[in-house]
Novice: 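Before I ask anything, let me first share the structure, which is written out below as structure tokens.
We use all heavy atoms of the structure for the numbers below, so side chains are in, but hydrogens, waters and symmetry mates are not.
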Amino acid sequence: MIHLRGLSIATRGRENFPFSVAALRDLELEFRAPVTVLVGENGTGKSTLLEGIACASGSIAVGSSGSIDEDRSLDAVRPLARAMKLVWNRPTHRGFFMRAEDFFGFVNRVKTEQATFEREAVRVRAENADMAPADLARMVGAYTGSAGALADRYGSDMDAMSHGEQFLAFFRSRLVPKGLYLLDEPEVALSPTSQLAFLALLIDAAGEEECQFLIATHSPILMAMPGADILSFDGGSVARIDFDEVEHVRLTREFLEAPERFLRHL
């Protein structure tokens, strides 16, 4: 399902960042597949575009404790969002925006909240030991219930999980049908095996769950998503390319075939 059909950015007369990013200047873009993969070197505008779309669409930001409008890390791209016109087939407020660094902050916040609820349960039980058992159970239950809800959703022992396991558990718990998901380098937490597991989740969600994904990535594994539309930001413009034409794919293949050719020059 393609919810966000396209966008345009009017940058005429504006020279400062983010309008100084060459690939984003007066950009008109059409999204043609449920999964769009943004590729290119660092600094070419992939992340900036995702951040602008997140602000313009009012997406939920995983790394923010409040609304996306209160996320100060996005202040630099808000002018881009204001200059951006989104074209929808079906507007949706389901889904979320997530950068690689946001996920690690989110995990820490969940663990902190769990620990806080558990400490409060102990404190309330100790300070009200003379209360009637049924009343005390109800009071303590407000805290243990909240801690349990977080454990049910994200795992009972997040410290015992690897970052990849945490990410996959998080994504499964937050994935809802017909959502728009803006993901910036989700592969950071994932081993190659976990990337394949994540790719399987994307395939199911884009098909059966009618979700749409815009993914900025350096991972050839994620770029290989069947049916994905690949947009390259290299060369100062945005262009559609095939998987075999992606520079990261070509370079990775050449390195794996003969790593010594590359390493001797380092």
Novice: So which heavy atom on P177 is nearest to which on R94, and how close?
Specialist: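 Shortest heavy-atom separation between P177 and R94 comes out as O-NH1, 3.0 Å.
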
Novice: If hydrophobic clusters are built from ILVMFWY residues whose side chains come within less than 4.5 Å, do V87 and F213 share one?
Specialist: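 Cluster IDs for V87 and F213 differ.
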
Novice: Give, for atom CZ of F19 and atom CD1 of I9, the distance between the pair rounded to the nearest 0.5 Å.
Specialist: 8.0 Å

Novice: At what distance, to the nearest 0.5 angstrom, does CD of E247 lie from CD of E245?
Specialist: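 E247 atom CD to E245 atom CD measures 11.5 Å (nearest 0.5 Å).
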
Novice: Could you check whether any side-chain N or O of R240 sits under 3.5 Å from a backbone N or O of I230, counting only pairs where one atom can act as donor and the other as acceptor?
Specialist: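 Judged by distance alone, no pair lies under 3.5 Å.
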
Novice: Measure the spacing between CG of D234 and NZ of K46 and express it to the nearest 0.5 Å.
Specialist: 7.5 Å

Novice: Do L201 and E209 have side-chain heavy atoms sitting under 4.5 Å apart?
Specialist: no

Novice: Any side-chain donor-acceptor pair under 3.5 Å between S73 and R99?
Specialist: yes

Novice: Please report the shortest heavy-atom distance between G52 and V77, naming the atom on each side.
Specialist: N-CG2, 4.2 Å

Novice: So do the side chains of L49 and L29 get within less than 4.5 Å of each other, counting heavy atoms only?
Specialist: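 L49 reaches L29 side chain to side chain.
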
Novice: If we only count heavy atoms from C-beta on, is the L175 to C211 side-chain gap below 4.5 Å?
Specialist: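 When only atoms from C-beta onward are counted, C211 and L175 do touch, with a gap below 4.5 Å.
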
Novice: Quick check against the 3.5 Å criterion: does T36 have a side-chain atom that pairs as donor or acceptor with the backbone of D229?
Specialist: no

Novice: Tell me, please, whether F31 has R5 positioned over its six-membered ring: NZ or CZ under 6.0 Å from the ring centre and within 45 degrees of its axis?
Specialist: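 Geometry flag: not set, cation outside 6.0 Å or 45°.
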
Novice: Between L202 and M225, is any pair of side-chain heavy atoms under 4.5 Å apart?
Specialist: yes

Novice: Using a 4.5 Å cut-off on heavy atoms from C-beta on, say whether the side chain of F255 contacts that of L263.
Specialist: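 L263 vs F255: side chains touch.
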
Novice: If the plane angle is over 60° it's perpendicular, under 30° parallel, otherwise tilted; pick one for F167 and F171.
Specialist: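 Parallel.
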
Novice: Can you check whether E210's main-chain N or O pairs, donor with acceptor, with H3's side chain at less than 3.5 Å?
Specialist: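 The answer is yes, because a donor-acceptor pair under 3.5 Å joins these two groups.
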
Novice: Can you give me the closest heavy-atom contact between L86 and L4, atom names plus distance?
Specialist: CB-CD1, 3.8 Å

Novice: Can you tell me which residue among V39, L38, L214 is in a side-chain contact (heavy atoms from CB on, under 4.5 Å) with L231?
Specialist: L38

Novice: Looking at every non-hydrogen atom in both residues, tell me the closest pair between L50 and L183 and how far apart they are.
Specialist: CD1-O, 3.4 Å

Novice: Can D26 and T11 be counted as having a side-chain donor-acceptor contact under 3.5 angstrom?
Specialist: yes

Novice: At their closest point, which heavy atom of I241 faces which heavy atom of S232, and how far apart are they?
Specialist: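 Closest heavy-atom pair between I241 and S232: CD1-CB, 3.6 Å.
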
Novice: What's the shortest heavy-atom distance between Y181 and G95, and which atoms?
Specialist: CE2-CA, 3.5 Å

Novice: Is the shortest side-chain heavy-atom distance between R78 and C55 below 4.5 Å?
Specialist: yes

Novice: With a 4.5 Å cut-off on side-chain heavy atoms, are V37 and L222 touching?
Specialist: no

Novice: In Å, rounded to the nearest 0.5 Å, how long is the span from CG of L180 to CZ of R90?
Specialist: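 Rounded to the nearest 0.5 Å, the CG-CZ separation comes to 13.0 Å.
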
Novice: Donor-acceptor pair, R25 side chain versus R14 backbone, under 3.5 Å?
Specialist: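 Looks like yes, one N/O pair under 3.5 Å.
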
Novice: How far does OG of S57 sit from CE of M84, to the nearest 0.5 angstrom?
Specialist: 9.0 Å

Novice: Indicate yes or no for a side-chain donor-acceptor contact from T252 to the backbone of V249 under 3.5 Å, with no hydrogens or angles considered.
Specialist: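 Not at all, since once roles are kept as given, no pair shorter than 3.5 Å links the two residues.
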
Novice: Any chance you could measure F233, atom CZ, to T44, atom OG1, to the nearest 0.5 Å?
Specialist: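 F233 atom CZ to T44 atom OG1 measures 7.0 Å (nearest 0.5 Å).
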
Novice: Surrounding CG of D75 (heavy atoms of other residues, nucleotides or ligands, distance under 6.0 Å), is the total greater than 12?
Specialist: yes

Novice: Would you check if the side chain of Q212 reaches a backbone N or O of I2 as a donor-acceptor pair within less than 3.5 Å?
Specialist: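 No.
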
Novice: Hey, does I215 have a side-chain heavy atom less than 4.5 Å from the side chain of P186?
Specialist: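 SC-SC contact between P186 and I215 confirmed.
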
Novice: Please, which pairs that meet side chain to side chain donor-acceptor pair (under 3.5 Å) have at least one residue in residues 185-206, sequence neighbours excluded?
Specialist: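 Every pair satisfying side chain to side chain donor-acceptor pair (under 3.5 Å) with a residue in residues 185-206: E185-H218, E187-T217, S191-S194, Q195-S219.
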
